[in-house]
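Read through the structure below, which is laid out as structure tokens, and then see the notes.
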Amino acid sequence: MKMKVQNQFRDEVITAVGNALAKMGFPDTQFITEVSDMADLAVPCFTMSKGLRMPPKDIAAKIAENIVPSGLITGVSALNGYINFTMDQNVLVEATLCDIIEKGDDYGTLPSKGKKVNVEHTSTNPTGPIHVGRARNPVIGDTLARCLKRCGYEVCTEYYVNDVGKQVVILTWGVTNIPKGSVQEEERDKTDHKLVAYYRKANKMMEEDPAVQEQIAEMLRKFEAGDKETISHVRKTAEVMLDGLKETLAGINVTLDRYTWESDFIADGSARAIVEKLKTSEYAGQADDGAWYLDLKAFGVQGKNTKFTFTRADGTTLYTTRDLAYHLNKFSRSDIVIDVLGEDQKLGSKQLCSALEILGCEKKPEPMFYSFVSLPEGKMSTRKGVVVYLDDLIDEAVSRAYDEIKSRRSDMSEEKMREVARQIGVGAIRYNIVRVSPEKQFVFKWEDALNFDGNSGPYLQYVYARTCSMLRKAGDFEPDYDPSKLTDEFEIKLVHSLSRFEAAIQVSGEQKRVNMLPAYGHEVAAAFNQFYAAVPVLAAGESRNSRLTLVECTRTVLRNVLSCLGMEAPEEM
RNA sequence: GGGCAGGUGGCCUAGUCUGGAUAUGGCAGCAGCCUCCUAAGCUGCAGGCCGGGGGUUCGAAUCCCCUCCUGCCCGCCA
């Protein structure tokens, strides 16, 4: 495989600087290279100052003097203690464009690593519709999964369905016992919205009526005693709720490969087996009333309580115990396990890792945390009804996009406008969510979520549509990679951006910094818009085919970026 | 009380892990640009004690200590 020109350039710079230092009488001096705005590659000389007993400025000047540009290096200069190198633009232009045209949709896809990655995300309790407070989870998880696929991993996305415990039992009790007409049915015809009304009412009734409380407690007791009928009843209710959640997720282009049910780990005895194994651990202990716990003080767990309880007094398992069984299950199917979790799970995740270690599991899940989205008036709550549902956000975004299209396009069919509006509205939402680094606190504002200008999803889609439109008008053309025809500063800048796609994918996937991807997409789109405004393409004469090649390469990269972001690529808008 | 995370122009945000050149980009504001490939665009202007204080360093948004503000956690809940 041909070495990336950037890497080759870097190697040449390192060799040149090394040789210059040797010539100056300082072989084996350590130095680094860094990318910067001032040059294609720079070598800061500050660290060498002590060893060479010279001010950095003088070192830089001296080294620069001793380097004669050759190969990919076309320029060397010293400034403020840096040696700045410029790279042969012609080689970069030709190599980048050829690479993109040749690989097409596979440009930026790395060779298979032969490793399986499991990405668990979303996993919201099936007790109500997905609200914006939790919407970061599917968007981050799905984007990460898409990036990891491009990084060469075999990826499985997975939703862990919590069909065990009080919350789902309350929901099930409500759906079963509250008469149909007595709750305010939501106008939206989706199972999750229909069912949440019963959940709210059941919670309220339980608080107010001891008899209801007793019925629910009884149901919970039966559930925990392993009563098959109750368990299956609860699971069926959760399934109905989940259907609605799946619909919402599909609405933002999220589909998961696998759904794993918590109750299965009780049914197949694996949670039980974990309990038995943990009991034999040196860290295990038993409370006076019989509850088992691990003392995790030795694992760096801090706070007023370092105990991690894994059975109740009556011996039944807890959520955390089942989660341990679930993680062992995931590790049996994957090399790397990633959990996308809300920040409230931080301690739990740490305890889980310690417990896995005690169980002798060498691998640990890699958690990825995000802060909850709140409203300007405070945090969201399904039970209190202080909430913006993701479905409502989608509807609003799509409707806004529709108005925009309608106001600027008279030639598009109604059906087409609806479809494009959906693509744009959904794109705006996904982009707006991933562009912010996950651990940052996020206050939901309609004006930001529905922003279609500047650093937004539609901005990328708009540029994509532009490239499509130009190529449509151009018709067939012969690709031209001749770098001597692409010399405008905006053309060069655009090629530079395009050449960085692989690096952007790696940072987003490998380092799990998914917010780097929208930033990269924006950089490419902005570079294209500048090029578009400054340079004619269709009427370019001599350079027409070269510029069309550049447009096609931009289209390809943008389509790949959009696909990683889970956004659609409208050919017109 | 303890722990974890965040604090960067009016608002949102990159950079912090791995210290270096004039701190990234956007929104809102102001001024320009459609007889030409989609103006969801482009150009320019204005706007910053990088929460505060100490320290380390030739050099700190970045590392260390202290402190303030915000969020989250410290269940025999899930």
Side-chain angles (χ1 to χ4, degrees), chain A residues 32 34 36-39 42 44-47 49-50 55-56 79-82 84 123 125 127 162 164-168 262 287 289-293 300-307 309-316 318-320 322-323 342-348 350-351 369 371-372 374 379 401 404-405 407-409 424 428 432 435-443 445 447-448 451-463 465-474 511 515-516 519 522-523 525-526 528-530 532-540 547-548 551 572-573:
Chain A
I32 58 157
E34 58 184 46
S36 82
D37 300 330
M38 316 282 286
C45 301
F46 306 95
T47 47
S49 187
K50 251 182 198 142
L79 180 70
N80 300 335
Y82 287 83
N84 290 323
S123 304
N125 275 350
T127 48
N162 307 121
V164 178
K166 198 169 181 181
Q167 300 312 314
V168 272
E262 186 178 346
D289 61 7
W292 284 87
Y293 62 83
V301 171
Q302 281 161 332
K304 20 181 191 193
N305 190 1
T306 55
K307 289 188 173 65
T309 306
F310 64 91
T311 75
R312 293 198 182 87
D314 65 6
T316 54
L318 294 160
Y319 169 83
T320 40
R322 270 114 51 190
D323 205 19
E343 59 180 336
D344 57 335
Q345 304 289 314
K346 275 185 187 174
L347 178 61
K350 196 173 174 182
Q351 292 171 329
F369 298 107
S371 299
F372 291 119
S374 59
K379 65 189 269 192
E404 288 283 330
I405 297 170
S407 72
R408 66 187 79 219
R409 296 294 296 264
I424 292 167
N432 183 247
R435 55 172 261 270
V436 180
S437 79
E439 299 232 326
K440 207 124 178 165
Q441 286 164 227
F442 197 118
V443 178
K445 296 196 185 97
E447 46 171 324
D448 295 337
N451 174 32
F452 293 175
D453 302 320
N455 189 6
S456 72
Y459 182 93
L460 302 204
Q461 291 172 317
Y462 184 69
V463 170
R466 261 188 167 168
T467 59
C468 290
S469 166
M470 292 168 89
L471 292 165
R472 216 166 28 237
K473 287 191 172 146
Q511 294 185 48
N515 58 310
M516 286 296 99
H522 183 261
E523 177 196 312
F528 183 86
N529 275 334
Q530 288 183 310
Y532 177 88
V535 183
V537 176
L538 295 179
R547 288 182 183 160
L548 281 169
V551 173
E572 52 180 322
M573 64 187 266

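Residue numbering restarts at 1 for every chain, and letters A, B, ... go by the order of the sequence lines.
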Mind calculating the distance between [atom1] ([X]) and [atom2] ([N]) to the nearest angstrom?
{"X": "A:Phe442", "N": "B:U13", "atom1": "CZ", "atom2": "P", "value": "8 Å"}
{"X": "A:Asn455", "N": "B:U13", "atom1": "CG", "atom2": "P", "value": "12 Å"}
{"X": "A:Phe310", "N": "B:A78", "atom1": "CZ", "atom2": "C1'", "value": "19 Å"}
{"X": "A:Gln167", "N": "B:A78", "atom1": "CD", "atom2": "C1'", "value": "7 Å"}
{"X": "A:Arg435", "N": "B:U24", "atom1": "CZ", "atom2": "P", "value": "18 Å"}
{"X": "A:Lys440", "N": "B:G71", "atom1": "NZ", "atom2": "P", "value": "16 Å"}
{"X": "A:Phe452", "N": "B:A39", "atom1": "CZ", "atom2": "C1'", "value": "17 Å"}
{"X": "A:Leu318", "N": "B:C77", "atom1": "CG", "atom2": "C1'", "value": "9 Å"}

Kindly point out which of [options] is positioned nearest to the side chain of [X]?
{"X": "A:Asp453", "options": "B:U18, B:A14, B:C27", "result": "B:C27"}
{"X": "A:Ala533", "options": "B:C42, B:A21, B:A39", "result": "B:C42"}
{"X": "A:Ala287", "options": "B:U18, B:C76, B:G15", "result": "B:C76"}
{"X": "A:Ala313", "options": "B:A21, B:C76, B:G71", "result": "B:C76"}
{"X": "A:Asn80", "options": "B:C37, B:G71, B:A21", "result": "B:A21"}
{"X": "A:Asp344", "options": "B:C72, B:C37, B:A78", "result": "B:C72"}
{"X": "A:Arg466", "options": "B:C27, B:U13, B:A39", "result": "B:A39"}
{"X": "A:Gln441", "options": "B:U70, B:G15, B:C72", "result": "B:U70"}
{"X": "A:Met516", "options": "B:G15, B:A78, B:C37", "result": "B:G15"}
{"X": "A:Arg312", "options": "B:C17, B:C77, B:C12", "result": "B:C77"}

Counting only Watson-Crick pairs (N1-N3 plus N6-O4 or O6-N4) and G-U wobbles (N1-O2, O6-N3), all under 3.5 Å, who is the partner of [N]?
{"N": "B:C4", "answer": "B:G71"}
{"N": "B:G48", "answer": "none"}
{"N": "B:C42", "answer": "B:G32"}
{"N": "B:C17", "answer": "none"}

Gap in Å between the two [atom1] atoms, one belonging to [N] and one to [M], rounded:
{"N": "B:G53", "M": "B:C58", "atom1": "P", "answer": "23 Å"}
{"N": "B:U24", "M": "B:A61", "atom1": "P", "answer": "13 Å"}
{"N": "B:A46", "M": "B:G25", "atom1": "P", "answer": "15 Å"}
{"N": "B:C34", "M": "B:U43", "atom1": "P", "answer": "16 Å"}
{"N": "B:A14", "M": "B:G48", "atom1": "C1'", "answer": "15 Å"}
{"N": "B:C65", "M": "B:G15", "atom1": "C1'", "answer": "24 Å"}
{"N": "B:U13", "M": "B:G6", "atom1": "P", "answer": "13 Å"}
{"N": "B:U57", "M": "B:C42", "atom1": "C1'", "answer": "44 Å"}

Any side-chain N or O of [X] under 4.0 Å from OP1/OP2 of [N]?
{"X": "A:Arg547", "N": "B:C37", "answer": "no"}
{"X": "A:Lys346", "N": "B:C74", "answer": "no"}
{"X": "A:Asn451", "N": "B:C27", "answer": "no"}
{"X": "A:Ser437", "N": "B:A14", "answer": "yes"}
{"X": "A:Tyr459", "N": "B:C42", "answer": "yes"}
{"X": "A:Tyr319", "N": "B:G75", "answer": "no"}
{"X": "A:Arg409", "N": "B:A39", "answer": "no"}
{"X": "A:Gln530", "N": "B:U43", "answer": "yes"}
{"X": "A:Lys350", "N": "B:C4", "answer": "no"}

Is the backbone of [Y] close enough, under 3.5 Å, to the side chain of [X] for a donor and an acceptor to pair up by distance?
{"X": "A:Thr311", "Y": "A:Thr316", "answer": "no"}
{"X": "A:Arg409", "Y": "A:Met573", "answer": "yes"}
{"X": "A:Arg547", "Y": "A:Pro536", "answer": "yes"}

Does the side chain of [Y] come within less than 4.5 Å of [X]'s, by heavy atoms?
{"X": "A:Ser374", "Y": "A:Gln441", "value": "no"}
{"X": "A:Thr47", "Y": "A:Ile32", "value": "no"}
{"X": "A:Val168", "Y": "A:Thr127", "value": "yes"}
{"X": "A:Phe372", "Y": "A:Lys379", "value": "no"}

So is A:Arg466 actually on top of A:Tyr532's ring, under 6.0 Å and inside 45° of the axis? yes
Under 4.0 Å, heavy atoms only, any strand: does [X] hit a base, just the sugar-phosphate, or nothing?
{"X": "A:Ala519", "value": "nothing"}
{"X": "A:Ser469", "value": "base"}
{"X": "A:Val463", "value": "nothing"}
{"X": "A:Glu572", "value": "base"}
{"X": "A:Asn432", "value": "nothing"}
{"X": "A:Gln461", "value": "nothing"}
{"X": "A:Pro536", "value": "base"}
{"X": "A:Ala540", "value": "nothing"}
{"X": "A:Ile32", "value": "nothing"}
{"X": "A:Tyr293", "value": "nothing"}

If anything within 90° of 0 is syn and all else is anti, what is B:C34? syn
Short side-chain donor-acceptor distance under 3.5 Å, A:Asn162 and A:Arg322: no
Residue among A:Asn529, A:Asn451, A:Asp453 satisfying side chain to side chain contact (heavy atoms under 4.5 Å, CB included) with A:Tyr459: A:Asn529
For RNA chain B, whose closest nucleotide is more 5', that of A:Met38 or that of A:Ala526? A:Met38
Does A:Asp289 contact B:C76 through a side-chain donor or acceptor facing the base, at a distance under 3.5 Å? yes
